[in-house]
Visitor: 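Below you will find the structure I want to go over with you.
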Amino acid sequence: MSSNRPLKIVWIYPDLLSTYGDQGNTIVLERRAALRGIPYETVNVRSDQPVPPDGDIFLLGGGEDRPQILAAQRLRRDGGLAEAAQRGAVVFAVCAGYQLLGHQFGGEEGQPVQGLGLLDISSGRGEQRAVGEIVGDVSAELNVPRITGFENHQGVTRIGPGAKPLAKVVAGVGNGDGQGFEGAYSGRVLGTYMHGPALVRNPGLADLLLTWAVGQQLQPIDDSWAGRLREERLAAVLS
Ligand code: GLN
């Protein structure tokens, strides 16, 4: 983030990728930035608009199969997200958004559809839909507490050598790759199957993205309400 302008949060394709309230991830980043006195601006980029390559944090949500294919085609043609990611911008993507960051994903008939290749993952269609609560223990190097969310996807995702698993599944399916992994990340590009919205349920993950974007440690904030939500969801799933 350049120091003389507000943190630029970019919500990609609200018209195509916005299932399960994933746009709430934007609100959480705004709120947690504001509580730290970090100036920010949010840009909603519809699928007929160019993606601004000078964003600091790009957010993508889940989507149905066909909007997901359309989103992948338009993002590939546009090139702005790839340019930003190569420059080191933060990208946080959920479910359909996560899959389309990879090399390929399964279309509505299971056909391979080309992704953006920003994350070394490949997805296809699984035998069964994974639907329900999911809990995972995050890769130790990220220093984020146990994550909780809701998943609903047919896709199965394999992680290649250029990316690492975000978490080890404690409950639920996640990537469904037979290795018990959930999500993936490489550099500052991070994807997950967790809706919820993910950053509402996991303030630690929100702060990881903000820390990457601002390049410094953040002041702690009172998370007692988020803590109650987390306790409730974790108890419901793990008891
Ligand atoms: N269409 C994708 C799948 O079923 C993504 C679904 C979603 O984003 N919820 O795997």
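Just so you know, ligand 1 is whichever comes first in the structure, and atom 1 is the first atom listed for that ligand. Atoms considered below: every heavy atom in the structure, side chains included; atoms not considered: hydrogens, waters and symmetry mates.
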Visitor: Would you say the side chains of N202 and R146 form a donor-acceptor pair under 3.5 Å?
Guide: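 Not at all, the side chains of N202 and R146 share no donor-acceptor pair under 3.5 Å.
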Visitor: Please lay out, stage by stage, how D207 and R36 fare under the test salt bridge (Lys or Arg N to Asp or Glu O under 4.0 Å).
Guide: CA-CA 11 Å; D207 281 357; R36 270 81 173 229; 2.8 Å; yes
Visitor: Could you say whether the N/O atoms of Q154 and ligand 1 ever approach to under 3.5 Å?
Guide: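 Such a contact does occur with ligand 1.
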Visitor: Just by distance, with hydrogens left out, do R233 and T148 show a side-chain donor and acceptor under 3.5 Å apart?
Guide: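 Note: R233 and T148 side chains miss the donor-acceptor criterion.
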Visitor: Any N or O on Q99 sitting closer than 3.5 Å to an N or O of ligand 1?
Guide: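 Yes: some nitrogen or oxygen of Q99 is under 3.5 Å from one in ligand 1.
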Visitor: What do you reckon, does D65 have a nitrogen or oxygen under 3.5 Å from a nitrogen or oxygen of ligand 1?
Guide: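 Among all N and O atoms of D65, at least one is under 3.5 Å from an N or O of ligand 1.
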Visitor: Do the side chains of V91 and L7 join up, straight or via other hydrophobic residues, at under 4.5 Å, putting them in one cluster?
Guide: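 No, because V91 and L7 fall into different hydrophobic clusters, even though each may have its own neighbours under 4.5 Å.
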Visitor: Less than 3.5 Å apart, any donor N or O on the side chain of N175 or Y98 sitting next to an acceptor on the other?
Guide: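 The answer is yes; a qualifying pair exists.
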Visitor: Checking the N or O distance criterion of under 3.5 Å, is ligand 1 in contact with A96?
Guide: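 Yes, there is a polar N/O contact under 3.5 Å.
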Visitor: Any atoms of ligand 1 less than 4.0 Å from a non-hydrogen atom of H195? List them with their elements.
Guide: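 What qualifies from ligand 1 is 9 (N).
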Visitor: Looking only at protein heavy atoms, identify the closest one to atom 10 (O) of ligand 1 and say how far it is in Å.
Guide: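 Nearest protein contact, heavy atoms only, for atom 10 (O) of ligand 1 is G155 N, 2.8 Å.
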Visitor: Would you please test R158 and D120 for salt bridge (Lys or Arg N to Asp or Glu O under 4.0 Å) and show each step?
Guide: CA-CA 9 Å; R158 274 176 295 101; D120 186 11; over 6 Å; no
Visitor: Among side-chain atoms of N152 and Y20, is any donor-acceptor pair under 3.5 angstrom?
Guide: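 There is such a pair between these side chains.
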Visitor: Is N152 close to ligand 1, meaning an N/O of one under 3.5 Å from an N/O of the other?
Guide: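 N/O-N/O distance below 3.5 Å exists for this pair.
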Visitor: As an exercise, identify every atom of ligand 1 less than 4.0 angstrom from a heavy atom of H153.
Guide: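 Numbered from 1, ligand 1 contributes 3 (C), 4 (O), 10 (O).
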Visitor: At a 4.0 Å threshold, what atoms of ligand 1 neighbour a non-hydrogen atom of R129?
Guide: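 What qualifies from ligand 1 is 4 (O).
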Visitor: Treat each ILVMFWY residue as a node, draw an edge where side-chain heavy atoms are under 4.5 Å apart, and state whether L142 and V214 are in one component.
Guide: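 Cluster IDs for L142 and V214 match.
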Visitor: Just by distance, no angles: are the side chains of T192 and E182 close enough, under 3.5 Å, to form a donor-acceptor pair?
Guide: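 Short answer, yes.
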Visitor: Which of the listed options, G62, G63, G61, holds the heavy atom that is closest to atom 5 (C) of ligand 1?
Guide: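 When every heavy atom of G62, G63, G61 is considered, G63 comes closest to atom 5 (C) of ligand 1.
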Visitor: Is Q68 close to ligand 1, meaning an N/O of one under 3.5 Å from an N/O of the other?
Guide: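 Between Q68 and ligand 1, an N or O pair is found under 3.5 Å apart.
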Visitor: Students should be able to answer this: which protein heavy-atom is nearest to atom 7 (C) of ligand 1, and at what distance?
Guide: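 So the nearest neighbour among protein heavy atoms is C95 SG, 2.9 Å.
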Visitor: Tell me whether R125 reaches ligand 1 (any heavy atom closer than 4.0 angstrom to a ligand atom).
Guide: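 Heavy atoms of R125 never come under 4.0 Å of ligand 1.
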